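Below is one structure; the comments refer to it alone.
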Amino acid sequence: MKLLLFDVDGTLTPARQKITGEMVDTLNRATQHYTLGFVGGSDLAKQKEQLGDAIDLFTYWFPQNGVQGYRGAEMFHNSTMVSMVGEDVYQSLINDCMQHMSTVSLPFKRGTFIEHRSGMINVAPPGRACSTNERQTFEQYDMEYNVRSLMVSSLSEKYPQLTFSIGGQISFDVFPKGWDKRYCLQFLKEFDEIHFFGDKTFKGGNDHEIFCDDRVNGNTVTSPSDTINLVQNLIKTN
Ligand code: M1P
């Protein structure tokens with residue numbers, strides 16, 4: 001049994017945008033040879049928005065790195081960060097994030113700076129309410145001023161039991177050590193071949209750990225169109 005397992009943002013779709021018809025056609029063809037799955041940092045609501053009806057091409061859905069697991073629309077696994085780390089640590093982390101963000105000046109700030117998800121928190125210094133243009137502006141600004149990486153370095157010293165992972169354009173995710181994308185592999189033991197595709201496979205990126213794992217054949221992609229090319233090449237070998 002063979003599985004194609006995809007990261008979502010930057011791999012199946014541009015960050016927080018909708019899947020293209022060309023990607024849907026390619027995935028459709030891939031289902032003749034492979035089972036499909038996705039594993040992303042986002043929550044399921046965002047992934048559904050991005051994948052639309054094409055979500056039904058995937059047998060395995062892993063929002064929040066697989067801390068939530070679905071076979072089709074049916075949930076079979078759900079762990080929570082609060083129960084893992086305890087309310088005290090969780091609250092202290094939120095306080096530290098708010099304190100740090102309150103000292104930083106940016107070209108703009110919008111709303112929703114911390115998003116609570118069951119398996120992680122997502123911290124967005126400019127706020128998750130940014131428009132698509134504002135996201136791109138912040139991403140460029142962050143490349144120059146390292147807003148996120150400076151925050152991540154100072155917080156990770158204080159919370160060695162947590163992983164801080166920069167996976168998207170405006171935010172970073174925080175979750176218990178070990179709850180990176182490898183988490184979902186425990187549910188995929190039936191497959192003898194797993195091909196993983198991700199754009200953030202570099203050290204510090206949120207695809208790095210699963211990309212390096214012996215249980216998968218890791219593929220780095222530069223964009224969704226690169227993913228299409230790699231999948232088409234794989235289909236040809238069948
Ligand atoms: O899937 C990658 C990341 O996508 C979003 O990041 P951002 O909003 O910063 O572009 C978030 O959902 C994040 O949790 C996720 O890891």
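These numbers were taken from a predicted model, which means no experiment stands behind them. We count ligands from 1, going down the list as the structure has it; atoms in each ligand are counted the same way.
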### Query
Can R148 be said to sit on top of F172's aromatic six-ring, NZ or CZ under 6.0 Å from centre and within 45° of the ring axis?
no

### Summary
protein heavy-atom neighbour closest to atom 12 (O) of ligand 1 works out as S42 OG, 2.6 Å

### Query
Between S171 and ligand 1, which residue portion shows a heavy-atom distance shorter than 4.0 Å: side chain, backbone, both, or neither?
both

### Query
Do L57 and L3 belong to the same hydrophobic cluster, where Ile, Leu, Val, Met, Phe, Trp and Tyr are linked whenever their side-chain heavy atoms lie under 4.5 Å apart, directly or via other members?
no

### Message
In the structure I gave you, are the side-chain heavy atoms of F175 and V67 within less than 4.5 Å of one another anywhere?
### Response
no

### Query
Quick one: does ligand 1 sit under 4.0 Å from the side chain of N206, the backbone, both or neither, non-hydrogen atoms only?
side chain

#### Entry: Aromatic contact, F6 with F197 (centres under 6.0 Å)
yes

### Query
Polar-atom distance check: A15 versus ligand 1, any N or O pair below 3.5 Å?
no

### Message
Measuring from atom 8 (O) of ligand 1, which candidate in R16, E139, Q169, R135 has the nearest non-hydrogen atom?
### Response
R135

### Task
Classify the angle between the aromatic ring planes of Y60 and F191 as parallel (below 30°), tilted (30 to 60°) or perpendicular (above 60°).
perpendicular

### Task
Check ligand 1 against D9 and write out every atom of the ligand that is under 4.0 Å from a heavy-atom position of the residue.
1 (O), 2 (C), 3 (C), 4 (O)

### Query
Could a heavy atom of R128 be found less than 4.0 Å from some atom of ligand 1?
yes

### Message
Is it the case that the side chains of R117 and Q64 hold a donor-acceptor pair, with the cut-off being a distance below 3.5 Å and no angle test?
### Response
no

### Query
Using the benzene-type ring in the case of Trp, are the ring centres of F187 and H77 under 6.0 Å apart?
yes

### Task
Ignoring angles and geometry beyond distance, decide whether R117 reaches within less than 3.5 Å of ligand 1 through its nitrogen or oxygen atoms.
yes

### Message
Out of all atoms in ligand 1, which are within 4.0 Å of some heavy atom of D173? Include the element for each.
### Response
13 (C), 14 (O), 15 (C), 16 (O)

### Query
So, does I170 sit close enough to ligand 1 that a heavy atom of it is under 4.0 Å from the ligand?
yes

